[in-house]
**Student:** 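What follows is a single structure, and I will ask about it in a moment.
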Number of protein chains: 2
Amino acid sequence: MSDYEQQNVPPSSDSGRDALPPVTQHARQYETVRNAHETELIEDYVELIGDLIRHQGEARAADLASRMGVSQATVSKMIRRLKELGLVNSQPYRSLFLTEAGQTMAETSRARHDIVLQFLRALGVRDSTARIDAEGMEHHVSDETLAIMQQFTEKNAR
Amino acid sequence: MSDYEQQNVPPSSDSGRDALPPVTQHARQYETVRNAHETELIEDYVELIGDLIRHQGEARAADLASRMGVSQATVSKMIRRLKELGLVNSQPYRSLFLTEAGQTMAETSRARHDIVLQFLRALGVRDSTARIDAEGMEHHVSDETLAIMQQFTEKNAR
DNA sequence: TATAAAATATAGCCAAGGCTAACTAGTTAG
DNA sequence: CTAACTAGTTAGCCTTGGCTATATTTTATA
């Protein structure tokens, strides 16, 4: 089956576009993505709780469930985690509050989200698409890129 | 504790920046992100296998493990999934091949990745940062946005 | 003020994607 | 040609984030 014996074929001048990055750097890239995934959902919940409090005065589990598009059981479980992480406070059967740490996270996350969203709009992406893309992208944009996006939006945009 | 009784506070003119999107639209945004997460890893593996084949002539599990930064056991398990999904072929203990479907996915994924990466460079992001961000962002960029990124890169860039 | 309805919580299930440890197959060197 | 090393596999464990079904608490209404 495998008749390849050449382990280290030098990229034969150009086997196609960019060369592969060095192994350790490559691994670090994927690791960064995996780390982002761990915090992503947490941030989304905290951000949403903050938004609900701001826009409707309170955050209830049922609202989280319908806005997230998941079951109430899933939300309940998530809230337990958020409490364990010290991001949320609540009495059983009552609405949710953010701790100091939670508020900080909510604001940071919201700011990030807005910068990405406005950047996409400034680029010329339709609003509904921009919203979807921003939701997914926000957790994978470095501070460096974020700063550049912000500048871009200021120069162009509106 | 909770002394909020007003459920539907109208966004009081401006409780802050953008209003919340309608519930169903909001739920769809998160759903899109969840869906992306399901295929993300699969695509990353397939893309990497394609890259390894192109650049070094063959793709071995050990290379995947070191480049992904995970254990060989994790890679083995993943390869089983990829085979079940009809994306990869291989004999036990031998190197990996992409099926038709796998090649298609690898190419699509690679193209997407390149567009995002080049866009970030064109924007002025440093190469090492651009690589990390592209790795995370590529799965969350819609076709619409992708097209716009491509145009942007062509106009500016290099 | 009971009681029905709505909201929240808990229990228990599942799949995915990590891990380590132990085993097996292939490859290479003495 | 066999022994040692390297590569790949398997088993079994853990956490996360979904789900449904069932209990419990709060709230609203007859």
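This is a predicted model, so every value here is computed, not measured.
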**Student:** Begin with the C-alpha distance, continue with both residues' side-chain angles, and end with the deciding distance and a verdict on salt bridge (charged side-chain N to carboxylate O under 4.0 Å, His left out) for B/D143 and B/R112.
**Tutor:** CA-CA 9 Å; B/D143 289 347; B/R112 248 188 146 55; 3.4 Å; yes
**Student:** Does D/dC19 have OP1 or OP2 sitting under 4.0 Å from an N or O in the side chain of A/T74?
**Tutor:** yes
**Student:** Are B/R54 and B/D51 close enough, and set up right, to give a salt bridge (charged side-chain N to carboxylate O under 4.0 Å, His left out), and what steps lead you there?
**Tutor:** CA-CA 5 Å; B/R54 170 163 51 228; B/D51 286 350; 3.4 Å; yes
**Student:** Remember a base hit wins even if backbone is also touched, and classify B/L41 as base, sugar-phosphate or nothing at under 4.0 Å, heavy atoms.
**Tutor:** sugar-phosphate
**Student:** Whole-Å distance between C/dA9 P and A/K83 NZ?
**Tutor:** 7 Å
**Student:** Starting from C1' on C/dA15, measure out to CD1 on B/I42 and report it in whole angstrom.
**Tutor:** 12 Å
**Student:** Is A/R94 close enough to C/dA9 that one of its side-chain N or O atoms is under 4.0 Å from OP1 or OP2 there?
**Tutor:** no
**Student:** Is the phosphate of D/dT9, meaning OP1 or OP2, less than 4.0 Å from a side-chain N or O of B/R80?
**Tutor:** no
**Student:** Between C/dT27 atom C1' and B/E58 atom CD, what is the distance in whole Å?
**Tutor:** 13 Å
**Student:** Measure CD/A/E84 against P/C/dA9 and give the value in whole Å, please.
**Tutor:** 14 Å
**Student:** Between A/E38 and A/Y93, just flag the one whose closest nucleotide in DNA chain D comes earlier from the 5' side.
**Tutor:** A/E38
**Student:** Please report, rounded to the nearest Å, how far the C1' atom of D/dT15 is from the NE2 atom of B/H37.
**Tutor:** 17 Å
**Student:** Using whole Å, report how far CZ of B/R60 lies from C1' of D/dT6.
**Tutor:** 10 Å
**Student:** Looking for any heavy atom pair under 4.0 Å, which part of the strands does A/A73 touch: base, sugar-phosphate only, or nothing?
**Tutor:** base
**Student:** For A/K77 and C/dA11, what is the distance between atoms NZ and P respectively, to the nearest whole Å?
**Tutor:** 11 Å
**Student:** Which sits closer to the 5' end of DNA chain D, A/R81 or B/P92, going by the nucleotide each is nearest to?
**Tutor:** B/P92
**Student:** Heavy atoms from C-beta onward define the side chain here; which of C/dC13, D/dT9, D/dG12 lies closest to that of B/Q72?
**Tutor:** D/dT9
**Student:** At less than 4.0 Å, is any side-chain N or O atom of B/S76 found next to OP1 or OP2 of D/dG8? Yes or no.
**Tutor:** no
**Student:** Any heavy-atom pair between the side chains of A/E135 and B/Y30 that's under 4.5 Å?
**Tutor:** yes
**Student:** Working to the nearest 0.5 Å, report the span between CD of A/E144 and OG1 of B/T129.
**Tutor:** 3.5 Å
**Student:** Under 4.0 Å from OP1 or OP2 of D/dG17: is there any side-chain N or O of B/R34 that close?
**Tutor:** no
**Student:** With no hydrogens and no angle check, just 3.5 Å: does a side-chain donor-acceptor pair link A/E138 and B/H140?
**Tutor:** no
**Student:** In whole angstrom, what separates A/R67's CZ from C/dA7's P?
**Tutor:** 15 Å
